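Mind looking over this structure? Questions follow.
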Amino acid sequence: MKLEEYIYKGSQKLRCGYTTGSCAAAAAMAAAEMLLTGRKTEHAELMTPKGVKLCLDITEPAIGEGKASCTVIKDSGDDPDITDGIRVCAEVMLITSGFEITGGEGIGRVTKAGLDQPVGEAAINSVPRKMISEAVMKIAEKYGYSGGFKVIISVPGGEEIAKKTYNPRMGIEGGISIIGTSGIVEPMSNSALIETIRTEAKMRRAEGQRNMLLTIGNYSESFVQEKMPFSLERSVTCSNFIGEAIDISIELGFETILIVGHIGKLVKLGAGIMNTHSSCADGRMDVLVTCGVLAGADTETLKQLPDCATVDAAMDILDEAGYLEKTTKVLEKRMDFYLQNRVKSEVRIGAVSFSYKRDMLIKTSLADELIKAITEEENG
C-alpha cells in the first residue's frame, strides 16, 4: 500500500516513502506472527518513530520448521533514492531466550569505528534495531510467547546496490545499511544528507583526526587528488551544506577546518552564503560585482557580469579588463571574513578555491597553515 503522506517543496506536492528500517521492522513483525500462528499474512501495521502509521504489503511469505520469512518492497515515494523498489527480507526463528538481530545477504558490515554500530556488526542502525525489536515483541505479547527470537535481515542484490552509495567510503562493506531515524523518507530530505555528513565526520574523528578536510563534490575531490599534499580518503564530502558541515566539525571537536571547492561554488562564501545550492541562493555574480566595485573596476565592465552563466565566464571579462587579480583579492578577504564569523574563534578555518580553466587558486589567510597541519597529521 502506498503511503499517503505528503510534503511541499515550493509549489510541488511530493509523496513521502518509508525507510529500509521500516521495511525491516514490518517484515520481521509479519514473519514473527506467521511463525507463532502458522498462518501466512498479507499486511503488517507499524507505527513509525515519526508517529505515522504504516500498513505495508507482505510478499514471499514462507513458514518452515521453527522459522518464518517474508519480504517488504521499499517505497521511497517521490525521493530519488537508489534503494527504491528493493526487497527487504526478514527471517525469524525461535530461540530459548533473548533477542538477536543480524544481517544476511546484501547487508553490509561495519569496518571502521565511529559509525552507528561497532566494528564487525551488521550495518543495521540503532533506530531500526529498536523498531524491529519492538515490532516482534509486540507480536510475542499478542500471542503469549515468552521465549526468544533471532531475526536475520537481508536485501537480495544489496552488495551491488551498495557500490553506488557512500557505504564503501564510509567503512561499510559487502552491502547496504538498514537506516532511518523517523521511519519515513521525506523527498529530497536535507536532514538525511546532513546526517550523512555527521556520520562521516564522526568516523573521521574516531580515527583520531583533529583536522577536518571538507570537499564539495567531484571537482574538489579530483583537485585534492591531483594537487594537494594529502590524500582524499581523509576528507568529508559536504556538498552544498558548508555551514552545517562547519557546525558539525566544531561540535565533534575538530581543531581546524579546511574547505576545498571550485570557485563556482565557493564564490558564494563572499556573501556569507553557507548553503550553496542554487535553490537556496545564487548570488555568484552579485558577489563578483561587489568585489569588482571594491577593486575599482569600471562600470562598463561590471555591467557585463550579471549576464554571465558561469563564474569562469565572468572572470574572463574581469581578466580582459585588467581587474581579475584585484577582484579575487577582495573576494579572498570576504570569504575569510564570513568563515571566521561563522566559527567565532572556536576553531581555525580556511578555504582553498580553484578554477581549472584559469589554473587559479584563491586561499584565505589560514589556508596554507591548515594544509600543513593536515599533511603533518597524515604523515604522523
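Note: hydrogens, waters and symmetry copies are ignored here, and every other heavy atom, side chains too, is used. Everything quoted here is computed from the prediction, not taken from an experiment.
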Would a single hydrophobic cluster contain both Val287 and Met285, if residues Ile, Leu, Val, Met, Phe, Trp and Tyr are joined by side-chain heavy-atom contacts under 4.5 Å?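 Looking at the clustering, Val287 is in the same group as Met285.
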
May I ask you to test the Lys40-Ile63 pair for a side-chain heavy-atom distance under 4.5 Å?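 Yes - at least one pair of side-chain heavy atoms lies under 4.5 Å apart.
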
If you measure from OG on Ser249 to CD on Glu346, what distance do you get to the nearest 0.5 Å?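 Answer for the OG-CD pair, Ser249 versus Glu346, is 11.5 Å.
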
Membership question, hydrophobic clusters at under 4.5 Å side-chain separation (ILVMFWY): are Met228 and Ile259 in the same one?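 In one cluster: no.
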
Close side-chain approach of Thr83 to Thr165, heavy-atom, < 4.5 Å: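 Side-chain contact under 4.5 Å: no.
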
If we count only N and O atoms by modelled type, under 3.5 Å, do the side chains of Ser76 and Lys74 hold a donor and an acceptor together?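 Side chains of Ser76 and Lys74: pair found under 3.5 Å.
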
Go through it in stages, so that I can follow the logic: the residues are His43 and Asp57, the test is side-chain contact (heavy atoms from CB on, under 4.5 Å), and I'd like the CA-CA distance, side-chain angles, deciding distance and then a yes or no. CA-CA 5 Å; His43 308 290; Asp57 293 335; 3.2 Å; yes

Would you check if the side chain of Ser133 reaches a backbone N or O of Arg129 as a donor-acceptor pair within less than 3.5 Å?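 No; zero donor-acceptor contacts below 3.5 Å.
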
How about CD on Glu369, more than 12 heavy atoms from neighbouring residues, nucleotides or ligands closer than 6.0 Å, or not?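 Yes, the 6.0 Å shell around CD holds more than 12 heavy atoms from other groups.
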
Partner set under ring-ring contact (aromatic ring centres under 6.0 Å, His included) for Phe230, not counting sequence neighbours: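 If we apply the ring-ring contact (aromatic ring centres under 6.0 Å, His included) test to Phe230, skipping adjacent residues, there are no hits.
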
Would you say Lys268's side chain and Thr276's backbone share a donor-acceptor pair under 3.5 angstrom?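 At least one qualifying donor-acceptor pair exists.
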
Atom of Asp282, atom of Ile273 and distance for their closest heavy-atom approach: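 Heavy atoms of Asp282 and Ile273 come nearest at O-CD1, 3.6 Å.
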
Between Ile178 and Ala24, what is the shortest heavy-atom contact and its length?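 Scanning both residues, the minimum pair turns out to be CG2-CB, 4.1 Å.
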
Just by modelled atom types, is the Pro128 backbone N or O under 3.5 Å from a matching donor or acceptor in the Asn125 side chain?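 No; zero donor-acceptor contacts below 3.5 Å.
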
Whether Lys13 and Asp78 form a salt bridge (side-chain N of Lys/Arg under 4.0 Å from carboxylate O of Asp/Glu) is what I want to check.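 No salt bridge links Asp78 with Lys13.
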
Separation between CG of Asp84 and CD1 of Ile73, rounded to the nearest 0.5 Å: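 Answer rounded to 0.5 Å: 10.5 Å.
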
Whether the side chain of Arg109 engages the backbone of Gly120 through a donor-acceptor N/O pair (distance < 3.5 Å, no angle test) should be reported.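 Side chain of Arg109 to backbone of Gly120, a donor-acceptor pair under 3.5 Å: yes, one is there.
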
Looking only at side chains, do Thr237 and Glu200 share a donor and an acceptor under 3.5 Å apart?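 Not at all, the side chains of Thr237 and Glu200 share no donor-acceptor pair under 3.5 Å.
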
Side chain to side chain donor-acceptor pair (under 3.5 Å) between Lys265 and Asn240, intermediate numbers included: CA-CA 8 Å; Lys265 284 287 188 182; Asn240 294 299; 2.6 Å; yes

Could you tell me whether the side chain of Arg15 reaches within less than 4.5 Å of the side chain of Pro187, counting heavy atoms only?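 No, too far: nothing below the 4.5 Å cut-off.
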
Within a reach of under 6.0 Å around CD of Glu141, are more than 12 heavy atoms found that belong to other residues, nucleotides or ligands?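 Check fails, neighbour count at 12 or below.
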
Side-chain contact test, heavy atoms from C-beta onward, threshold under 4.5 Å: evaluate it for Ile257 versus Arg348 and give yes or no.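 The answer is no; the side chains never approach within 4.5 Å.
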
Compare every heavy atom of Phe354 with every heavy atom of Tyr219, then report the nearest pair and how far apart it is.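 Closest approach of Tyr219 to Phe354: O-CZ, 3.4 Å.
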
For Tyr145 and Ile139, indicate whether the former's side chain and the latter's backbone hold a donor-acceptor pair under 3.5 Å.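 It does not hold such a pair.
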
Is the closest basic N to carboxylate O distance between Glu251 and Arg198 below 4.0 Å?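 Salt bridge flag = yes for Arg198 with Glu251.
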
Would you give the length of the straight line joining atom CG of Asp336 to atom CG of Leu366, rounded to the nearest 0.5 angstrom?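 Result: 6.5 Å between the selected atoms.
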
Report yes or no: does Arg204 contribute a side-chain atom to a donor-acceptor pair with the main-chain N or O of Ser235 at less than 3.5 Å?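 It does hold such a pair.
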
Over 12 foreign heavy atoms within 6.0 Å of CD, Glu42: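 No, the 6.0 Å shell around CD holds no more than 12 heavy atoms from other groups.
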
Ignoring hydrogens and geometry, is there a side-chain-to-backbone donor-acceptor pair from Glu378 to Ser231 under 3.5 Å?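 Yes.
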
Hydrophobic cluster membership, with links at side-chain heavy-atom distances under 4.5 Å among I/L/V/M/F/W/Y: are Met29 and Leu94 in one?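 Cluster IDs for Met29 and Leu94 match.
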
Report all side-chain donor-acceptor pairs from residues 309-316 shorter than 3.5 Å, counting only partners two or more places apart or in another chain.
from: Thr310; atom 1: OG1; to: Ala313; atom 2: N; distance (Å): 3.1
from: Asp312; atom 1: OD1; to: Ser355; atom 2: OG; distance (Å): 2.6
from: Asp316; atom 1: OD1; to: Arg358; atom 2: NH1; distance (Å): 2.3
from: Asp316; atom 1: OD2; to: Lys357; atom 2: NZ; distance (Å): 2.5

Does one hydrophobic cluster hold both Leu288 and Tyr338, with members joined at side-chain heavy-atom distances below 4.5 Å?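 Same hydrophobic cluster.
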
Using side-chain heavy atoms (C-beta onward) and a distance below 4.5 Å, is Lys50 in contact with Glu186?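 When only atoms from C-beta onward are counted, Glu186 and Lys50 do touch, with a gap below 4.5 Å.
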
Worked check of side chain to side chain donor-acceptor pair (under 3.5 Å) between Ser177 and Asn167: CA-CA 8 Å; Ser177 307; Asn167 274 17; 3.2 Å; yes

Which pair of heavy atoms, one from Ala351 and one from Met335, lies closest together, and at what distance?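 So the minimum-distance heavy-atom pair works out to CB-CE, 4.3 Å.
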
Calculate, to the nearest 0.5 Å, the distance between atoms CD1 and CD1 belonging to Ile101 and Ile153 respectively.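 Going from CD1 on Ile101 over to CD1 on Ile153, the span is 7.0 Å.
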
In plain terms, say whether Glu160 and Lys163 are close enough for a salt bridge, that is, a side-chain N and a carboxylate O under 4.0 Å apart.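 Yes, charged N to carboxylate O under 4.0 Å.
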
Please round to the nearest 0.5 Å and tell me the distance separating atom CD1 of Ile194 and atom CG of Asn275.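 If we round to the nearest 0.5 Å, Ile194:CD1 and Asn275:CG are 8.0 Å apart.
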
Applying a strict under-4.5 Å side-chain criterion to I, L, V, M, F, W and Y, I'd like to know whether Met274 and Ile362 cluster together.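 Yes.
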
Mind checking the CD-OG1 spacing from Glu195 to Thr181? Nearest 0.5 Å is all I need.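 So the CD of Glu195 and the OG1 of Thr181 are separated by 6.5 Å.
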
Any donor-acceptor N/O pair, Ser69 side chain to Glu91 backbone, under 3.5 Å: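 Not a single qualifying donor-acceptor pair exists.
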
If you apply the rule side-chain contact (heavy atoms from CB on, under 4.5 Å), what do you find for Ile246 with Val347, and how did you get there? CA-CA 10 Å; Ile246 291 170; Val347 297; 5.8 Å; no

Could you walk me through whether Glu33 and Lys142 satisfy the salt bridge (charged side-chain N to carboxylate O under 4.0 Å, His left out) test, starting with their C-alpha distance in whole Å, then the side-chain angles of each, then the deciding distance to 0.1 Å, before giving a yes or no? CA-CA 9 Å; Glu33 184 154 26; Lys142 179 179 178 180; 3.2 Å; yes

Just by modelled atom types, is the Gly148 backbone N or O under 3.5 Å from a matching donor or acceptor in the Ser97 side chain?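 Such a contact is absent between Ser97 side chain and Gly148 backbone.
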
Atom CD1 of Ile179 with >12 non-hydrogen neighbours under 6.0 angstrom: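 Check fails, neighbour count at 12 or below.
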
Going by heavy atoms in the side chains, are Thr48 and Tyr18 under 4.5 Å from each other?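 Not touching, per the 4.5 Å side-chain cut-off.
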
Looking only at heavy atoms, which two atoms of Arg205 and Gly253 are closest? And how far apart?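 Residues Arg205 and Gly253, closest heavy atoms: NH2-O, 3.3 Å.
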
Are Ile197 and Leu193 close enough that some pair of their side-chain heavy atoms sits under 4.5 Å apart?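 Answer no - side chains too far apart.
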
Enumerate donor-acceptor pairs with a distance under 3.5 Å from any side-chain N or O in residues 208-218 to protein atoms, sequence neighbours excluded.
from: Asn211; atom 1: OD1; to: Thr256; atom 2: OG1; distance (Å): 2.7
from: Asn211; atom 1: ND2; to: Glu377; atom 2: OE1; distance (Å): 3.4
from: Asn211; atom 1: ND2; to: Glu377; atom 2: OE2; distance (Å): 3.4

Can you name the nearest heavy-atom pair linking Val110 to Pro118, along with the distance?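 Minimum heavy-atom contact is CB-O, 3.5 Å.
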
Does any N or O in the side chain of Arg342 come within less than 3.5 Å of the main-chain N or O of Gly243, such that one atom is a donor and the other an acceptor?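 Side chain of Arg342 to backbone of Gly243: a pair is present.
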
NZ of Lys326: more than 12 outside heavy atoms within 6.0 angstrom?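 Incorrect, the count does not exceed 12.
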
For residues Asp75 and Leu56, determine if any side-chain heavy atom of one lies less than 4.5 Å from a side-chain heavy atom of the other.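 The answer is no, as the side chains (C-beta and beyond) never meet within the 4.5 Å cut-off.
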
